[in-house]
Amino acid sequence: MEQKREKFSSSLAVFLATLSSAVGLGNIWMFPYITGENGGAAFIIIYLICVALVGLPVLISEFIIGRGTRRNVHGAISKITNKNRFKIISVFAILATYFMLSFYTVVVGWVYSYLYKAVIGALKGVTSETTSILFYNTSVGPIAPIIWQMIALLVGGTILVLGVKGGIEKLTKTLMPVLILLLGICAFRSLTLAGAMEGINFLIKPDFSKVHIGVVLSALGLAFFKLSVGSGAMITYSSYYTDDNNLIGTAGKVAISDTLVSLTAGLAIFPAAFSFGLEPSSGPGLLFNTVPLIFAKMPGGWVLSIIFFVLAAMAATMSMISLLEVLIVVFTEELKMERKKAIIMNVIIIALVGSLAALSGNPNGILGNKLVFGLTFFDLFDTLVSKILLPINGLLIILLTGYFINKKYLTDQLSNNGILNNELTIKTLIFIMKYISPILIIIVFLKSFI
Ligand code: PHE
């Protein structure tokens, strides 16, 4: 049964909404710290290869599935696979989305709490001891991390009540340009500090001695995570695309812009970190321990700290709503539930499962010593998503489009029924989808487990 569905209103709206899902904590939190831990530029080069040869083809595949079927992830996969084994993709996608939201909302909550701290001036003049205490108070709880996570979920739920055009489109059209401007300001300040060159070198001079197969798996996982593929978010958003949208063009623009945002975030953090003699490889704590220290040492740092956490909060919120939207449309279309009810149900489910992550996000948290397969819940959800579910689902999606979807259907979607005149691009893309992306995913995956 066809349902009446909303659509984005223009190509610009499509681009900004899609970019807003891609740009998130991945750019501002993960990309800098993973780059910091894995040899700077060397990691970036491997990451770019993963984006081009794997992330981008999977992203385009998701667009084909989403816009082609105009359904939620479950409906889309069922329609396009026509009952074959690939139906498992939607199960993996929904699982990945729940697990991802469970830990993502924890970090969104931390970001909100740091924004609050920045505004009230609590980050002024911090030292390395006081930043650890602040982070402890934010993430150990039991109350603080749960409350901030709830606030994050409430913000996300409220935006989504307003729907696709009134909520997602309006918000992303307004906030994405602001976000990019604010990030530019932070990068400019960082680059104009004395000693910034060392940080720039870190980002452009590769140190391949730190690269091993685990690093390549991290780069691949990050490429999936960054481009929001494997979880159904891009299938869902592209189900709202306009009919005349150039899918390959949008995917290319999103991947390039997203990478530029990550690099700019790197430029906002590393030169400043080096300039003040701070460690760039401090891991996940980079954003919450190192970054406040940088601002405390910087002239004009208070205002910049607010700017920085405002932009981080905006990026994190927009990615979070793209994940929530996946589940909400599954509920409204498959379970025929009213949108508001679907939002409330999902917020409750995520708050419940997510509290496990909220209480173990810091090793000192109440559940910080409860290990499952040797990992805390927080790390377990993250690992399950980034290292297992997203790559496997990415592989299945690319195999599905490369080998099982009717070639004419693919070409029609990618050329908008012949209007775009891009046969050569499509041929090259299908070649990469069939022979390059799946083989790369399989090699990286097997190598890192054997
Ligand atoms: N791309 C988002 C980020 O970088 C995360 C995300 C993954 C969002 C998958 C939606 C779906 O933070």
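Order of listing sets the numbers, starting from 1, for every ligand and every atom in it.
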Distance filter under 4.0 Å, heavy atoms only, around ligand 1 gives Ser21, Ala22, Gly24, Leu25, Gly26, Asn27, Met100, Tyr104, Phe225, Lys226, Ser228, Ser231, Ala233, Ser319, Ser322, Leu323
Salt bridge (charged side-chain N to carboxylate O under 4.0 Å, His left out) contacts in which one or both residues fall within residues 305-330, not counting sequence neighbours: Glu325-Arg339
Is it true that the side chains of Thr259 and Tyr47 contain a donor and an acceptor less than 3.5 Å apart? no
Across all chains, not counting sequence neighbours, the salt bridge (charged side-chain N to carboxylate O under 4.0 Å, His left out) partners of Lys7 are Asp243
Excluding sequence neighbours, so at least two apart, what forms ring pair (Phe, Tyr, Trp, His ring centres under 6.0 Å) with Phe15? none
Please tell me whether Arg5 and Asn72 have a donor and an acceptor in their side chains that are separated by less than 3.5 angstrom. no
Donor-acceptor contact present, side-chain Ser21 to main-chain Ser319, <3.5 Å: no
